[in-house]
Amino acid sequence: MVNNPLIVDRAATRLSAEDLAALRENLTEQRLFRQEQLQQLAGAAPSRKGDVPRHDAASQVEVHVKLAAAARMVLADVEAALRRMDEGSYGTCRLCRGPIARERLMIVPQARYCARCQHVREAGR
């Protein structure tokens, strides 16, 4: 077992058919959850009227907008991962084209980058 996440252990990158099926199921469930979440957020838009003080209502609207934006972002990532599965490129890093570790995909099934490239991207922010 390789302890350094920046060194690729080829055996740890292989996805079995069972792994792919489980990951697809997880992504499909995430997609449904986010779609439902967005529907609930659209139906439960915070009101600016009533007994809520004006600054509290503005805060509620801001939180509501940020929740919806985050849900849309995760939904887009999940749908992109499902497309990569359909195209046969799932599990391949979008930057270095190397494999994404199985363990990473099991934790973050919508991951686009291997641990090394993700680290580089985050360091560059």
Side-chain angles (χ1 to χ4, degrees):
M1 180 85 181
V2 176
N3 291 328
N4 185 339
L6 302 181
I7 297 173
V8 176
D9 178 358
R10 296 293 175 202
T13 62
R14 293 190 193 106
L15 293 172
S16 68
E18 293 81 17
D19 290 339
L20 283 170
L23 288 162
R24 181 179 292 277
E25 183 177 342
N26 181 312
L27 288 164
T28 301
E29 288 173 8
Q30 283 189 55
R31 178 173 55 190
L32 289 172
F33 173 79
R34 294 303 174 178
Q35 289 170 335
E36 290 171 4
Q37 183 183 30
L38 285 168
Q39 287 175 347
Q40 289 174 356
L41 287 167
S47 174
R48 292 181 182 242
K49 298 178 183 177
D51 298 331
V52 179
R54 188 179 182 107
H55 68 279
D56 287 348
S59 295
Q60 288 176 358
V61 169
E62 182 180 355
V63 167
H64 188 85
V65 167
K66 287 184 178 187
L67 283 172
R72 279 191 298 276
M73 203 164 72
V74 173
L75 178 59
D77 287 345
V78 166
E79 288 178 338
L82 288 166
R83 275 192 304 278
R84 289 192 303 275
M85 278 187 168
D86 292 341
E87 296 165 355
S89 63
Y90 182 79
T92 301
C93 178
R94 306 290 280 178
L95 287 179
C96 72
R97 302 292 182 213
I100 300 172
R102 176 189 180 278
E103 181 178 287
R104 177 167 169 72
L105 290 169
M106 291 301 189
I107 295 168
V108 185
Q110 67 270 26
R112 295 172 189 251
Y113 309 105
C114 67
R116 182 176 125 332
C117 289
Q118 184 69 42
H119 179 73
V120 168
R121 285 180 51 83
E122 288 174 2
R125 287 186 185 169

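Everything quoted here is computed from the prediction, not taken from an experiment.
- Taking NZ of K66 as the reference point, atom CE of M73 lies at 12.0 Å (rounded to 0.5 Å).
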Legend entry - Verdict with supporting geometry, E79 and Q35, side chain to side chain contact (heavy atoms under 4.5 Å, CB included): CA-CA 11 Å; E79 288 178 338; Q35 289 170 335; 4.0 Å; yes
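- One finds the CD atom of E62 at 10.5 Å from the CG atom of L67 (value rounded to the nearest 0.5 Å).
- Two different hydrophobic clusters hold L23 and V108 under the rule that ILVMFWY side chains link at heavy-atom gaps under 4.5 Å.
- Across all their heavy atoms, P99 and C114 have their closest contact at O-CB, 3.9 Å.
- Tracing side-chain contacts under 4.5 Å through hydrophobic residues (I, L, V, M, F, W, Y), one reaches L27 starting from M106; they form part of the same cluster.
- Across all non-hydrogen atoms, the minimal contact from A81 to P109 is CB-O, 4.1 Å.
- Using a 4.5 Å heavy-atom threshold, the side chains of R24 and D86 count as touching.
- Note that CD of Q30 is 10.5 Å distant from CG of L32, once rounded to the nearest 0.5 Å.
- Taking OG1 of T92 as the start and CZ of R97 as the end, the distance is 8.0 Å to the nearest 0.5 Å.
- Qualifying side-chain hydrogen bond (donor to acceptor under 3.5 Å, both in side chains) partners for E18, counting only residues two or more places apart in sequence or in other chains: S16.
- At least one side-chain heavy atom of R102 sits less than 4.5 Å from a side-chain heavy atom of D19.
- Pairing each heavy atom of R94 with each of Y113, the nearest pair is CB-CE2, 3.8 Å.
- Between the side chain of R112 and the main chain of L95, no donor-acceptor pair closer than 3.5 Å is present.
- Counting all heavy atoms, side chain and backbone alike, L105 lies closest to G91 at CD1-CA, 3.8 Å.
- Residues V74 and Q37 fail the side-chain proximity criterion, which asks for heavy atoms closer than 4.5 Å.
- Hydrophobic clustering (ILVMFWY, side-chain heavy atoms < 4.5 Å, transitive): Y90 and L82 are in one cluster.
- Residues L41 and L75 fall into different hydrophobic clusters, defined by Ile, Leu, Val, Met, Phe, Trp and Tyr side chains chained together at heavy-atom separations under 4.5 Å.
- Residue I100 is grouped with residue M85 when hydrophobic side chains (ILVMFWY) are merged at heavy-atom distances under 4.5 angstrom, including chains of intermediate members.
- Using modelled atom types and a 3.5 Å distance limit, the side chains of E122 and Q118 yield a donor-acceptor pair.
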